[in-house]
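The structure under discussion appears below in the form of structure tokens.
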Amino acid sequence: MPARALRRPTTGANAALKAAEQERIIKRLTMARDITHKFVESTAEMENLMDVIFENVLEVLQAEAGSLWMVDWATKENDCHLAEGPAKDKIIGLKLAQGQGIVGHVIAQGKATIVLDAAKDPDFDQHVDESTGFVTKSLICVPLKVGKHVYGAIQILNKKGGVGGCFDSHDLDLVDDLATSAALAIKNARLLETESRVREMNTLMGISREIVASLDLDQVLETVVNTANELADVHGGAIGLVHEKTNELHLAVLSGEQKVDPENSAQKRLLDI
């Protein structure tokens, strides 16, 4: 009887622990799926989207703070672009030399890490904590990586729950999912930015060629206003010129097929503007 009485609560406790662990895994898998969907479907700016996702991830991981770092190849620094937690205002905009701190090490190596005791880790840079007043105890740091190219890193700090307040491999998997989706989004955003710059340069070169090749002022102005419309992705545009003798402004050309009409009220309002 005493032996049975001892076994029953143990079995019940094990079942409760397993149920809790299964619930945690399901919650993390759901979060990972939602992260992927948000990056694929969202039209929001990258930082606004990451703000929302960061809050959710910190809640699920029961973490105190987190930050997103990006590589600035021009200055050879790693910049903090986003942060959540009590010291967020002090850490956003912070710059670290490449290779500095655990973030710098993870970015340089391109490999994720779990640190259970930050103070004892040889790569930990205590100057960041000293400058922000935040105390880092444990952390997960995962590179923002696509293929062999590393764009930056995500860092999650100080587990508030769990066994001994330590992050585990399940936590690392969730942050890795977030980092993978974020890295792909960053890559795609930069590709679009590059394409946009190429398109802008081609348009500007086209305008330059037209100006050089043509002696017809009206034709040049028409080319400029129409290509500028296309470049800026707007519905309409106009060019006004100042008369050399009277110093009065007049409309010289309108975009599209519109004709300049000095008596047109809408065109008069353009001049007033």
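Here the structure is a predicted model, which is why all the values come from computation and not from measurement.
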query: Under 3.5 Å, side chain of Ser138 to main-chain N/O of Leu116, donor-acceptor pair present?
result: no
Co-membership, hydrophobic cluster, residues Phe167 and Leu172, 4.5 Å side-chain: yes
task: Determine yes or no for a side-chain-to-main-chain donor-acceptor pair under 3.5 angstrom, with Asp79 supplying the side chain and Lys95 the backbone.
output: no
field: Heavy-atom check, side chain of Ile114 versus side chain of Asp171, under 4.5 Å
entry: no
- prompt: What are the two closest non-hydrogen atoms of Pro143 and Ala179, and how far apart are they?
  reply: O-CB, 3.6 Å
task: Might you point out which heavy atoms bring Val150 and Val71 nearest each other, and give the distance in Å?
output: O-CG2, 4.1 Å
- prompt: Atom CD in Glu64, atom CG in Asn158: separation rounded to 0.5 Å?
  reply: 4.5 Å
field: Main-chain N/O of Gln126 paired to Asp129 side chain as donor or acceptor, under 3.5 Å
entry: no
message: Whether the side chain of Asn78 engages the backbone of Trp69 through a donor-acceptor N/O pair (distance < 3.5 Å, no angle test) should be reported.
response: no
- request: Look only at the side chain of Asp121 and the backbone of Asp123, and say whether a donor-acceptor pair between them is shorter than 3.5 Å.
  value: yes
query: Are side-chain heavy atoms of Ile102 and Cys141 found at a separation under 4.5 Å?
result: yes
message: How long is the straight-line distance from CG of Leu157 back to CG of Leu61, given to the nearest 0.5 Å?
response: 11.5 Å
task: Could you tell me the separation between the OG atom of Ser67 and the NZ atom of Lys88, rounded to the nearest 0.5 Å?
output: 12.0 Å
field: Any Cys166 side-chain heavy atom under 4.5 Å of Lys159 side chain
entry: no
- request: Measure the spacing between NZ of Lys76 and CD of Gln98 and express it to the nearest 0.5 Å.
  value: 7.5 Å
query: Would Val128 end up clustered with Ile107 when hydrophobic side chains under 4.5 Å apart are linked, directly or stepwise?
result: yes
For residues 260-273, which side-chain N or O atoms pair as donor and acceptor with protein atoms under 3.5 Å away, sequence neighbours left out?
{"from": "Asp261", "atom 1": "OD1", "to": "Glu263", "atom 2": "N", "distance (Å)": "3.0"}
{"from": "Asn264", "atom 1": "OD1", "to": "Ala266", "atom 2": "N", "distance (Å)": "2.9"}
{"from": "Asn264", "atom 1": "OD1", "to": "Gln267", "atom 2": "N", "distance (Å)": "3.0"}
{"from": "Gln267", "atom 1": "OE1", "to": "Asp261", "atom 2": "N", "distance (Å)": "2.7"}
{"from": "Gln267", "atom 1": "NE2", "to": "Lys259", "atom 2": "O", "distance (Å)": "3.0"}

message: For a quick test of reading the model, state the closest non-hydrogen atom pair linking Ala65 to Leu58 and the distance between them.
response: O-CD2, 3.4 Å
query: Is there a path from Met70 to Ile92 through hydrophobic residues (I, L, V, M, F, W, Y) whose side chains come within less than 4.5 Å of each other?
result: no
query: Measuring from Asp173:CG to Ile140:CD1, what's the distance to the nearest 0.5 Å?
result: 9.0 Å
task: Indicate yes or no for a side-chain donor-acceptor contact from Lys145 to the backbone of Gly110 under 3.5 Å, with no hydrogens or angles considered.
output: yes
- prompt: Cluster question for you: counting only ILVMFWY and a side-chain heavy-atom cut-off of under 4.5 Å, with indirect links fine, are Ile156 and Leu139 together?
  reply: no
Verdict with supporting geometry, Leu221 and Leu241, side chain to side chain contact (heavy atoms under 4.5 Å, CB included): CA-CA 10 Å; Leu221 293 178; Leu241 297 178; 3.9 Å; yes
message: When you group the ILVMFWY residues by side-chain heavy-atom contacts below 4.5 Å and let the links chain together, are Trp73 and Val106 in the same group?
response: no
field: Distance-only polar pair, side chains of Asp125 and His127, donor-acceptor under 3.5 Å
entry: yes
- prompt: salt bridge (charged side-chain N to carboxylate O under 4.0 Å, His left out) with Lys120: which residues, sequence neighbours excluded?
  reply: Asp117
query: Would you say Leu68 and His81 make side-chain contact, with heavy atoms under 4.5 Å?
result: yes
message: Rounded at 0.5 Å granularity, tell me how far NZ in Lys90 sits from CG in Leu94.
response: 12.0 Å
- prompt: Which pair of heavy atoms, one from Leu249 and one from Gly240, lies closest together, and at what distance?
  reply: CD1-C, 3.7 Å
message: Counting C-beta onward and ignoring hydrogens, is there a side-chain heavy-atom pair between His105 and Phe124 closer than 4.5 Å?
response: no
